[in-house]
Amino acid sequence: MREVAGWDVVEVLRGVPGAPPMERGDVVQPVLFAVMMPLAELWRSYGVRPAAVIGHSQGEIAAACVAGALSLEDAVRVVVLRGRALLELSGLSGMAVVALPAADVRERFADGDGLSVAAVNGPATTVVAGPAEPLAALLERCTADGVWARRVDVDYASHSPRWKPSACGC
């Protein structure tokens, strides 16, 4: 990870002065991946051999590596480049979690507001991504209607049509 990212995961996790902050999208994504992979190896050491692996976001990259579809070196490169691509989207939009099924959340979108379902985390938990102002309006409507909703602490809209990185080399 240090060779590709240019920083040390352990230093980030320990908050060593000079290490990049975990809050940055180009840092947290690779760090999460770097935690997932040793956990998968720990499970293997106890004899756990999954018949299938799945993941979401950087977890997809980890799953591909665990399944043997990507080498560890290739997976690290993909997750670091993906994290860097997030920087292109920073400041333009955001994400929120809404405690409603995806179909119900979609009904709350205004035409042309740029919001989209980014992920379905369960039958009644939906992640929404899009421009900051329409996202804030959606959160206000949900709160007014007594629907639990909260903003995710990111300033980009991954897993959405706004995810169009161009300069990352991906």
Side-chain angles (χ1 to χ4, degrees), residues 1-98 102 114-122 125-132 135 139 149-170:
M1 186 73 70
R2 185 182 342 209
E3 288 176 25
V4 178
W7 43 263
D8 186 275
V9 170
V10 174
E11 290 178 0
V12 170
L13 289 170
R14 290 183 177 162
V16 171
M22 178 82 84
E23 293 78 23
R24 279 187 5 207
D26 66 320
V27 175
V28 71
Q29 299 284 317
V31 168
L32 289 170
F33 171 84
V35 171
M36 291 176 196
M37 294 308 299
L39 286 173
E41 201 53 43
L42 178 64
W43 294 336
R44 281 185 183 158
S45 76
Y46 283 98
V48 176
R49 300 283 187 264
V53 291
I54 60 170
H56 172 73
S57 195
Q58 69 279 1
E60 292 172 280
I61 303 164
C65 186
V66 169
L70 287 174
S71 69
L72 181 59
E73 293 77 16
D74 287 344
V76 166
R77 182 168 167 72
V78 169
V79 80
V80 168
L81 289 175
R82 182 181 183 279
R84 287 179 184 158
L86 291 176
L87 294 179
E88 280 188 57
L89 303 174
S90 293
L92 303 174
S93 48
M95 300 175 77
V97 178
V98 180
L115 296 178
S116 63
V117 170
V120 177
N121 289 345
T125 307
T126 305
V127 180
V128 178
L135 191 63
L139 290 171
R150 74 169 177 86
R151 176 103 187 207
V152 176
D153 191 21
V154 297
D155 63 351
Y156 49 82
S158 58
H159 310 291
S160 76
R162 296 184 65 82
W163 173 248
K164 296 178 184 174
S166 59
C168 72
C170 296

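The structure displayed is predicted, hence computed values, not measured ones.
- Remark: E41 CD to M36 CE distance equals 15.5 Å, nearest 0.5 Å.
- The two residues D74 and S71 have their closest heavy-atom pair at N-OG, 3.0 Å.
- In this structure, CG in N121 is found 5.5 Å from NE2 in H56, a value given to the nearest 0.5 Å.
- For the atom pair CZ of R77 and CG of L70, the computed distance is 12.5 Å after rounding to the nearest 0.5 Å.
- E3 contributes atom CD, which lies 9.0 Å from atom CD of E73 (distance to the nearest 0.5 angstrom).
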### Query
For M22 and L13, what are the C-alpha separation, side-chain angles and deciding distance, and is it a side-chain contact (heavy atoms from CB on, under 4.5 Å)?
CA-CA 8 Å; M22 178 82 84; L13 289 170; 3.5 Å; yes
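- In this structure the side chain of M37 reaches within 4.5 angstrom of the side chain of V66, judged on heavy atoms.
- When all heavy atoms of A63 and G55 are compared, the pair lying nearest together is CB-N, 4.0 Å.
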### Message
Walk me through whether R49 and R44 qualify under side-chain contact (heavy atoms from CB on, under 4.5 Å).
### Response
CA-CA 6 Å; R49 300 283 187 264; R44 281 185 183 158; 3.2 Å; yes
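- Within a 6.0 Å radius of CD1 in I54, no more than 12 heavy atoms belonging to other residues, nucleotides or ligands are found.
- A pairwise comparison of heavy atoms in L135 and A96 identifies CD1-CB, 3.9 Å as the closest pair.
- Annotation for D8 and R2: closest pair OD2-NH2, 2.7 Å, computed over non-hydrogen atoms.
- No option in V97, V128, L139 other than L139 meets the side-chain contact (heavy atoms from CB on, under 4.5 Å) test with R151.
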What pairs of donor and acceptor atoms, side-chain ones from residues 26-34 against any protein atom, are under 3.5 angstrom apart with sequence neighbours left out?
residue	atom	partner	partner atom	Å
D26	OD1	R24	NE	2.8
D26	OD2	R24	NH2	2.9
Q29	OE1	R82	NH1	2.4

